[in-house]
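Report on the following structure.
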Protein chains: 2
Amino acid sequence: MLEVFKKYITDKVSISEDELNEILSYAILKKLRKRQFLLQEGDVWRYNAFVSSGFLRKFSVDDKGTEHIMSFSPENYWTGDRESLVNETPSKFNIEALENSEILLFKKEDFEMLCRKIHVFNNMVNNILHRSFITSQSRIHSSISLSSEEKYNNFVLKFPSIANRVPQHMIASYIGISPETLSRIRSQANKK
Amino acid sequence: MLEVFKKYITDKVSISEDELNEILSYAILKKLRKRQFLLQEGDVWRYNAFVSSGFLRKFSVDDKGTEHIMSFSPENYWTGDRESLVNETPSKFNIEALENSEILLFKKEDFEMLCRKIHVFNNMVNNILHRSFITSQSRIHSSISLSSEEKYNNFVLKFPSIANRVPQHMIASYIGISPETLSRIRSQANKK
DNA sequence: TAAAATCATTGACATTTATCAATAGTTTTT
DNA sequence: AAAAACTATTGATAAATGTCAATGATTTTA
């Protein structure tokens with residue numbers, strides 16, 4: 001739905017109707033059913049992707065077949081693989097719809113052109129990047145300084161709506177512990 | 001040294017002499033001797049800081065007194081606490097000179113003004129932010145998917161010059177393991 | 001509606017890691 | 001030059017976490 005994206009932008013910056021429509025004119029609408037992949041490991045990622053509805057996850061799979069979840073992307077969030085996008089190298093990650101989803105894709109070149117051309121759009125994009133960076137720093141700090149139990153509590157505190165939306169083992173994967181350990185942490189905490 | 005910063009910028013973007021001098025005119029030179037602090041936990045961080053010489057680390061201290069190193073910043077890198085800067089909240093972190101260092105400080109307002117005014121400077125800054133984000137994503141991926149040994153090998157591989165410049169226990173702190181464990185990992189690896 | 005898949009839990013056990021303490025080598029400070 | 005501080009290592013032990021397997025509940029699929 002283009003309306004969702006329109007609202008997303010106008011909530012963040014003041015922009016003319018013309019500019020807004022120009023941006024929208026480059027959006028490629030993609031519908032994904034649950035379990036479908038937006039990106040597969042080994043492919044080069046060439047877009048900026050806005051989730052207008054649904055829910056996605058980005059994850060890698062290691063030698064042992066264990067999945068490691070890098071991010072969850074609900075509606076009104078972006079997803080993609082910036083490393084692959086910038087370097088044009090094969091991605092290490094998969095992006096999969098956990099629910100039926102609607103995505104707006106912007107080709108790299110189109111997106112960059114829009115950033116150059118529409119100043120407020122560029123500002124918005126950089127602001128988002130800025131906030132994403134701060135968020136990722138916080139995740140790093142958690143990962144090196146907290147116990148597993150603290151990581152879990154922190155996750156639920158910071159992302160309650162995501163915690164309610166995904167199976168427990170995916171939270172475990174996101175914070176970097178085994179599903180069994182998370183299960184035990186929770187049952188321990190309940191006893192208190 | 002302003003020359004270092006000049007070279008840093010001109011290596012990255014083409015910029016007029018006038019614009020370059022305007023940027024430089026806002027730089028506040030700060031010299032730090034080894035062990036001196038650029039930022040102390042609890043203070044609000046209000047700058048963008050460019051390291052023109054020397055070497056800094058950013059770290060937190062937890063309840064038990066254990067330090068957790070968020071970043072190392074050698075010459076030609078930036079440091080600071082973006083979360084504190086953006087939200088104007090007390091920082092959780094300390095920034096300390098590990099060697100005698102020279103820092104260029106730009107007040108938040110000046111830096112933002114320069115970004116608005118000098119287009120190529122803004123582009124450069126956003127590029128750096130972009131790369132920093134990609135780097136931090138990579139660190140997150142390591143933290144959730146690699147074993148301690150792999151984290152260490154990965155660190156040395158990616159940051160050989162830093163690995164040679166800091167005591168081993170600081171690498172342990174950066175990757176989120178105890179110094180004893182890192183020592184044992186290394187001695188195990190030597191046996192092979 | 002029956003079968004299959006997914007999910008969370010639990011037990012048993014192995015492995016990894018942290019903690020505490022002691023030591024010795026090195027570097028820094030006085 | 002001596003003292004102090006820092007650093008890396010090692011041993012002993014405890015704690016945390018992972019792995020494998022089984023179970024039952026729930027959800028999804030056919």
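Worth saying up front: this structure is predicted, and the values here are computed from it rather than measured. Chain identifiers are assigned alphabetically (A, B, ...) following the order of the sequence lines, protein sequences preceding nucleic acid strands; residue numbering begins at 1 within each chain.
- Atom CZ in A/Arg35 sits about 14 Å away from atom P in D/dT27, given to the nearest Å.
- Atom CZ of A/Phe37 sits about 11.5 Å away from atom CG of A/Asp43, to the nearest 0.5 Å.
- Look at CG on A/Asp63: it is 17 Å from P on D/dG18, rounded to the nearest Å.
- When the P atom of D/dT27 is taken as reference, atom CD of A/Glu99 falls 15 Å away, rounded to whole Å.
- Less than 6.0 angstrom separates the ring centroid of A/Phe111 from the ring centroid of A/Phe121.
- At most 12 heavy atoms of other shown residues, nucleotides or ligands fall within 6.0 angstrom of atom OH in B/Tyr77.
- With 3.5 Å as the limit, one finds a donor-acceptor pair spanning the side chains of B/Ser136 and A/Ser136.
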Give each protein N/O atom lying under 3.5 Å from an N/O atom of nucleotides 16-20 of chain C, with the pair distance.
{"unit_1": "C/dT17", "atom_1": "OP1", "unit_2": "B/Ser148", "atom_2": "OG", "d": "2.8"}
{"unit_1": "C/dA18", "atom_1": "OP2", "unit_2": "B/Ser178", "atom_2": "N", "d": "3.1"}
{"unit_1": "C/dA18", "atom_1": "OP2", "unit_2": "B/Ser178", "atom_2": "OG", "d": "3.0"}
{"unit_1": "C/dA18", "atom_1": "OP2", "unit_2": "B/Thr181", "atom_2": "OG1", "d": "2.6"}
{"unit_1": "C/dT19", "atom_1": "O4", "unit_2": "B/Arg184", "atom_2": "NH1", "d": "3.2"}
{"unit_1": "C/dC20", "atom_1": "N4", "unit_2": "B/Glu180", "atom_2": "OE2", "d": "3.2"}

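- Residues passing the side-chain hydrogen bond (donor to acceptor under 3.5 Å, both in side chains) test with A/Arg46: none are found, sequence neighbours excluded.
- Here D/dT7 is the nucleotide among C/dT28, D/dT10, D/dT7 with the atom lying nearest to any side-chain atom of B/Pro167.
- With rounding to whole Å, A/Gln188 atom CD is found 9 Å from D/dA16 atom P.
- B/Glu150 places its CD atom 15 Å from the C1' atom of C/dT15, with the value rounded to the nearest Å.
- Rounding to whole angstrom units, CG of residue B/Leu98 and P of D/dC6 are separated by 13 Å.
- The distance from atom CG of B/Asn100 to atom P of C/dT28 is 12 Å, rounded to the nearest whole Å.
- For B/Gln168, the listed nucleotide lying nearest its side chain is D/dA8; candidates were C/dC7, C/dT28, D/dA8.
- Look at CE on A/Met170: it is 9 Å from P on C/dA8, rounded to the nearest Å.
- By the 6.0 Å and 45° rule, A/Arg165 does not stack over the aromatic ring of A/Phe72.
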